Asks: 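Mind looking over this structure? Questions follow.
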2 protein chains.
Amino acid sequence: MPRLYALVLAGGAGTRFWPASRRSRPKQILRIFGAETLLAAAIGRLHGLVAPSDTFVATGVEIRDSVAAECPGIPPGNILVEPVARDTAGAVALGAAAVLARDPEGTLLVTPADHLISPASEFLRTVRAAQGAAEKHALLATIGVPPIRPETGYGYLRRGDALGASDGIRIHRAAAFVEKPDPARAEEMVRDGCLWNAGIFVLPLGALREAFARLLPAHAAALESLAAARASGGGFTMVLDQVFKGLPKISLDYGVMEKAGNVAVAEASFSWDDVGSWLALGRVLPRDAAGNVPRGPVVLHESSGSTAVSDGPLVALFGVRDHLVVAAGDAVLVCPLDRAADLKALIARLEAEGRSRDL
Amino acid sequence: MPRLYALVLAGGAGTRFWPASRRSRPKQILRIFGAETLLAAAIGRLHGLVAPSDTFVATGVEIRDSVAAECPGIPPGNILVEPVARDTAGAVALGAAAVLARDPEGTLLVTPADHLISPASEFLRTVRAAQGAAEKHALLATIGVPPIRPETGYGYLRRGDALGASDGIRIHRAAAFVEKPDPARAEEMVRDGCLWNAGIFVLPLGALREAFARLLPAHAAALESLAAARASGGGFTMVLDQVFKGLPKISLDYGVMEKAGNVAVAEASFSWDDVGSWLALGRVLPRDAAGNVPRGPVVLHESSGSTAVSDGPLVALFGVRDHLVVAAGDAVLVCPLDRAADLKALIARLEAEGRSRDL
């Protein structure tokens, strides 16, 4: 079985968890959901599957230091800094180049740094099954998560022909990638046995290089020249600066996976949440008897259905129903929970007014 | 006309403006309502009526330093520190003793430090009229404010026989003091021409000493011994420590004014608010087009009818209706505005849980 390498995608810079998340402190390096950051958890989850020396972390220039601080055990040379953000296809080309320079027969596990996954043991079982199927059939593999609600915020995978099962993990050919659906379509897909697209891929290098060459030729060329520069031991950063800016900004899903044709779907045996907004806190943290989600030094008095988060000040809710309150850094956010997934308009206004030094 | 002295009552230690107000930083030394503290405004308002050297400030041991800092121009010896809190009757006995030691023929204006009054010129006109009537008829005078709503949080004054008018200020005998009424009774009293009891008194020393002797003998004895100690130039603090603890805890309204019989009411020509809770902010500060009351670095986005106050952090409300949000010091409060007058239960819980170092 070819050697498995990992690429942890840690370049995200969202403000959907403002004010806890900032441009300089994105979701993957927050400790909102547990004692460790999502990034540290994503790396820790690889234990027993991929060695730290075989694990790469892709991230952006602005956050490289805070990301590196959450990667204990990962060799500094394995932190791959994208000179500019080029979405996941660019990050995967960069990661694939780093692997190719070392092991052209390798397989690359691509996993986002900012999702919640448990238990780790089932993650490993699913990845191994996906790897086996991908390498056996020369396919690009993606991992699909059985949906537990008709979520409209996720993409879906429609499954085609069965490719059997491995260690209890069912593998199918992917029939279609479906973008975020409307509520009716989401209900229908859940009924039809579609899976959530978790953005986790298992990619044999040969199949990936072939797909890049066929579908994203600029990425294919960048991958090869980056691998050559890295293998030769010199000039890698210069080549990276030169080629990366020229790449189109496109996701691996849209640029490669949806169009490749030779894609397998492994059905995850783990539970998964992309923790895409403050609403996720209510799904993943324990609630009190009144349905509140408290995190940090907070007091919820005669309050219900509310989420209160503080990284320092005492936050007291009195008679509050179904609101989100977050005190983090130099800012406080209050909004009804049903607006919590829609912070963009607020952030745009704060930005326009120059109201926060670091949004 | 006898000389007028002032006693500013600055001993209050409420938590009704928590988290902006704390035990160590009560309402009278907050700048919530304007550029200066309520205490500084109360002293400044006396300009042209009572000289700073004739102005006394009564306060408590815990807050004496922060109170003194808001009393520029007042001689340090005029800051009267109550060894323990004994409500307003005790504070007035102490202030009256300080005046008596200097001028037995004086008249004492008693005014709370933590109310909003404007304009100052009308305050002076009302006080002068009250003083004239009190001295002419040997009465204790109180100032009544024409009600502008059927407030259930205030006490009311029912007027008896007219004593004429002075400089356009109508003076009556007080027929009755009415405690905080229920809504139906409040409506009725507003209809009947009753006035709000503003807790502002104009008290000729002779009439006050007579009333204390008749109604609160322990206070009368304390007043005389304190005055003697102060006049003799020594041992005042020791006498104060000795006698003050022995006083019953009672308000001047309840202990003296309601029972004295010889009380006049002057009808105020100024506007007045006791700013008794966060709700008062919406009465006294300007609102934006959506009915919000912003104070400090706050952003109200798609929000209405809400009050947002910050002394530092950026406070952002998004889609919030009719809530109060206060970020002050080391704490944040969120509650529906209709609960804002009822913080006691919350404070009791925070206290019981030891959740805030300084409540």
Side-chain angles (χ1 to χ4, degrees), chain A residues 15 18-19 22 278 292 294 296-304 306-359, chain B residues 15 18-19 22 278 292 294 296-304 306-359:
Chain A
T15 50
W18 187 86
R22 306 290 176 105
W278 283 114
N292 299 303
V298 301
V299 168
L300 293 119
H301 190 67
E302 296 176 19
S303 297
S304 60
S306 294
T307 297
V309 179
S310 171
D311 70 359
L314 173 68
V315 169
L317 275 61
F318 175 48
V320 174
R321 287 163 177 265
D322 304 324
H323 275 66
L324 167 69
V325 180
V326 182
D330 60 359
V332 176
L333 167 70
V334 180
C335 74
L337 263 178
D338 61 12
R339 305 296 300 274
D342 189 31
L343 289 183
K344 269 190 187 170
L346 174 67
I347 300 299
R349 166 151 172 200
L350 295 177
E351 201 159 29
E353 294 185 0
R355 291 304 288 256
S356 193
R357 289 171 295 278
D358 172 28
L359 273 168
Chain B
T15 49
W18 186 87
R22 307 291 176 104
W278 283 114
N292 300 302
V298 302
V299 169
L300 293 119
H301 190 66
E302 297 176 17
S303 296
S304 61
S306 294
T307 296
V309 179
S310 171
D311 70 0
L314 173 68
V315 169
L317 275 62
F318 174 47
V320 174
R321 287 162 177 267
D322 304 323
H323 274 66
L324 166 70
V325 180
V326 183
D330 61 358
V332 177
L333 167 69
V334 181
C335 75
L337 263 178
D338 61 12
R339 306 295 300 275
D342 188 30
L343 290 182
K344 270 191 187 170
L346 174 67
I347 301 299
R349 165 148 173 202
L350 295 177
E351 201 159 29
E353 294 184 0
R355 292 304 288 258
S356 193
R357 287 172 295 281
D358 173 28
L359 271 170

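Below, chain A is the first sequence line, B the second, and so on; all start at residue 1. All figures in this text were calculated on a predicted structure; none of them were measured in a lab.
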Asks: For B:Val298, is it the side chain, the backbone, both or neither that has a heavy atom under 4.5 Å from a heavy atom of chain A?
Replies: backbone
Asks: At a 4.5 Å cut-off on heavy atoms, which part of A:Leu324 comes close to chain B: side chain, backbone, both, or neither?
Replies: neither
Asks: The test is side-chain contact (heavy atoms from CB on, under 4.5 Å); show your working for A:Leu300 and A:Ser306 and say whether it passes.
Replies: CA-CA 8 Å; A:Leu300 293 119; A:Ser306 294; 4.2 Å; yes
Asks: I'd like to verify something: which residue of B:Ala316, B:Gly329, B:Pro313 has the highest number of heavy-atom pairs under 4.5 Å with chain A?
Replies: B:Ala316
Asks: Could you tell me which portion of B:Ala345 (side chain, backbone, both or neither) has an atom closer than 4.5 angstrom to a non-hydrogen atom of chain A?
Replies: both
Asks: Between atom CH2 of A:Trp18 and atom CG of B:Leu314, what is the distance when rounded to the nearest 0.5 Å?
Replies: 5.0 Å
Asks: Counting only heavy atoms closer than 4.5 Å, note whether B:Arg339 contacts chain A via side chain, backbone, both or neither.
Replies: both
Asks: Measure distances from B:Asp338 to the heavy atoms of chain A and classify the residue's part below 4.5 Å as side chain, backbone, both or neither.
Replies: neither
Asks: With a 4.5 angstrom heavy-atom cut-off, could you sort out which part of B:Val320 is near chain A: side chain, backbone, both or neither?
Replies: both
Asks: Determine the option with the most heavy-atom pairs under 4.5 angstrom with chain B, choosing from A:Val334, A:Leu346, A:Val315.
Replies: A:Val334
Asks: Between CG of B:Leu337 and CG of B:Asp322, what distance do you get to the nearest 0.5 Å?
Replies: 6.5 Å
Asks: In Å, rounded to the nearest 0.5 Å, how long is the span from CG of B:Leu333 to CD1 of B:Ile347?
Replies: 8.0 Å
Asks: Look up atom SG in A:Cys335 and atom NE2 in B:His301, then write down how far apart they are to the nearest 0.5 Å.
Replies: 11.0 Å
Asks: Using the test side-chain hydrogen bond (donor to acceptor under 3.5 Å, both in side chains), find all partners of A:Arg321 that sit at least two apart in sequence or belong to another chain.
Replies: none
